[in-house]
Amino acid sequence: MAATPMMPPIQGGGNPNMDGNPPVPPPPGTDMTGICFRDQLWLNSYPLDRNLVFDYFALSPFYDWTCNNEQLRMQSIHPLDISHLSKMTGTEYMLNEVMEPHLFVFRKQKRDGPEKVTPMLTYYVLDGSIYQAPQLCNVFAARIGRALYHISKAFTTAESKLEKIGYVDGENESTGLEPKVAKETIDFKELKRVDHILASLQRKLQPAPPPPPFPEGYVPPTSEADKGTENQQATEPQLPPLDPIIDQGPSKRMKF
């Protein structure tokens with residue numbers, strides 16, 4: 001294992017304690033997802049594997065110097081030795097997943113007993129860069145917010161396209177009404193031109209033949225009234241004349 005790094009000094013220049021020990025830096029913040037740590041000099045000097053990755057992680061601002069792992073380091077014990085960590089209580093770091101040499105996942109947890117631990121935060125080392133993994137609630141909130149943004153944007157785009165379609169249809173209707181109005185107007189020049197063409201065609205055609213003669217015994221009607229009466233008489237059935245003596249029945253006698 002690589003040599004234990006020196007404890008970083010306090011910002012602003014803190015004075016040592018009365019015992020001569022340097023002051024312990026404050027624990028890291030809860031939300032440090034916007035910070036990335038990378039020490040290229042250390043990466044060039046030591047290999048990044050499961051035995052030395054914790055020493056590299058201890059250089060980052062994500063490391064809590066009050067954890068149980070730091071107490072094991074001070075006793076020259078490997079800080080990830082689970083046989084010693086399980087006997088302690090308090091905050092500790094555990095190496096959760098390893099894909100050497102690219103990915104190392106650390107889990108910060110609170111130990112209350114050998115079998116009772118409570119997860120707190122997760123950190124990962126990806127190709128030499130250390131990040132804090134976001135919490136699940138923040139991931140869901142970000143994904144839902146992004147989905148709502150895209151849905152709102154889609155509705156806005158669809159609304160704008162529908163407005164354009166309606167505007168084009170209105171223009172087409174207005175343009176379609178204009179030719180109809182123009183067609184309804186009478187062009188007297190065109191009318192005279194058509195009359196002239198029809199008259200020239202009529203002069204070129206042969207005269208109409210005379211009508212055929214009426215059959216024998218047919219007398220054509222003289223006027224419209226005669227035609228009407230003649231047609232009415234032809235359609236109405238002719239009743240026989242009534243005899244005033246026979247058809248009136250017996251005479252009625254007066255009653256006294």
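Predicted model, so just to flag it, every value in this text is computed and none were measured.
Panel note: side chain Asn69, backbone Tyr93; a donor-acceptor pair is recorded below 3.5 Å. A distance-only check finds no donor-acceptor pair linking the side chain of Tyr124 to the backbone of Ser129 [under 3.5 Å]. Here the side chain of Arg111 pairs a donor or acceptor atom with the backbone of Pro114 at under 3.5 angstrom. Judged by distance alone, the side chain of Asp55 and the main-chain N or O of Ala58 form no donor-acceptor pair under 3.5 Å. In this structure, Ser45 contributes its side chain and Leu41 its backbone to a donor-acceptor pair below 3.5 Å. At least one donor-acceptor pair closer than 3.5 Å links the side chain of Arg38 to the backbone N or O of Asp127.
Aromatic rings from Tyr123 and Phe106 are positioned such that their centres are separated by 6.0 Å or more.
Using a 4.5 Å cut-off on side-chain heavy atoms (C-beta onward), Val125 and Val53 make contact. The shortest side-chain heavy-atom distance between Phe62 and Met32 falls under the 4.5 Å cut-off. Side-chain contact between Tyr63 and Phe54 is present, with at least one heavy-atom pair separated by less than 4.5 Å. Contact of the Cys36 side chain with the Ile130 side chain is not registered, since no non-hydrogen atoms from C-beta on lie closer than 4.5 Å. The shortest side-chain heavy-atom distance between Pro101 and Asp49 does not fall under the 4.5 Å cut-off.
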Do His84 and Asp81 pass the side-chain hydrogen bond (donor to acceptor under 3.5 Å, both in side chains) test, and can you show the C-alpha distance, the side-chain angles, and the key distance before you say yes or no? CA-CA 6 Å; His84 291 81; Asp81 193 348; 3.0 Å; yes
Met88 and Leu72: side chain to side chain contact (heavy atoms under 4.5 Å, CB included), yes or no, with the steps? CA-CA 10 Å; Met88 305 172 70; Leu72 295 179; 4.1 Å; yes
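Considering all non-hydrogen atoms of both residues, Pro134 and Val139 come closest at CG-CG2, 3.8 Å. Taking all atoms of both residues into account, the shortest heavy-atom contact from Tyr56 to Gly128 is OH-O, 2.5 Å. In this structure, Ser60 and Phe37 approach most closely via the heavy-atom pair CB-CD2, 3.5 Å. Residues Thr91 and Lys108 approach most closely at CG2-CE, 3.5 Å, considering heavy atoms. What you find for Leu48 and Trp42 is that their closest heavy atoms are CD1-CZ3, 4.0 Å. Across every non-hydrogen atom of Arg50 and Leu95, the tightest pair is CB-CD2, 4.2 Å.
One hydrophobic cluster holds both Met99 and Val105 under the rule that ILVMFWY side chains link at heavy-atom gaps under 4.5 Å. Leu121 and Leu126 fall into different hydrophobic clusters, defined by Ile, Leu, Val, Met, Phe, Trp and Tyr side-chain heavy atoms under 4.5 Å apart, directly or through other members. The cluster map of Ile, Leu, Val, Met, Phe, Trp and Tyr, joined by side-chain heavy atoms under 4.5 Å apart, puts Val98 and Phe57 in the same cluster.
The 12-atom threshold is exceeded at CD of Gln40, counting heavy atoms of other residues, nucleotides or ligands nearer than 6.0 Å.
Atom CD of Glu97 sits about 9.5 Å away from atom OG1 of Thr122, to the nearest 0.5 Å. From Asp31, atom CG reaches atom CD of Gln135 across 7.5 Å, with rounding to the nearest 0.5 Å. Atom CG of Leu43 is separated from atom CG of Leu52 by 11.0 Å, given to the nearest 0.5 angstrom. Here the straight-line distance linking atom CG of Leu80 with atom NE2 of His78 works out to 5.0 Å at 0.5 Å rounding.
Exactly one residue among Arg107, Lys110, Gln109 makes a side chain to side chain donor-acceptor pair (under 3.5 Å) with Glu92. That residue is Gln109.
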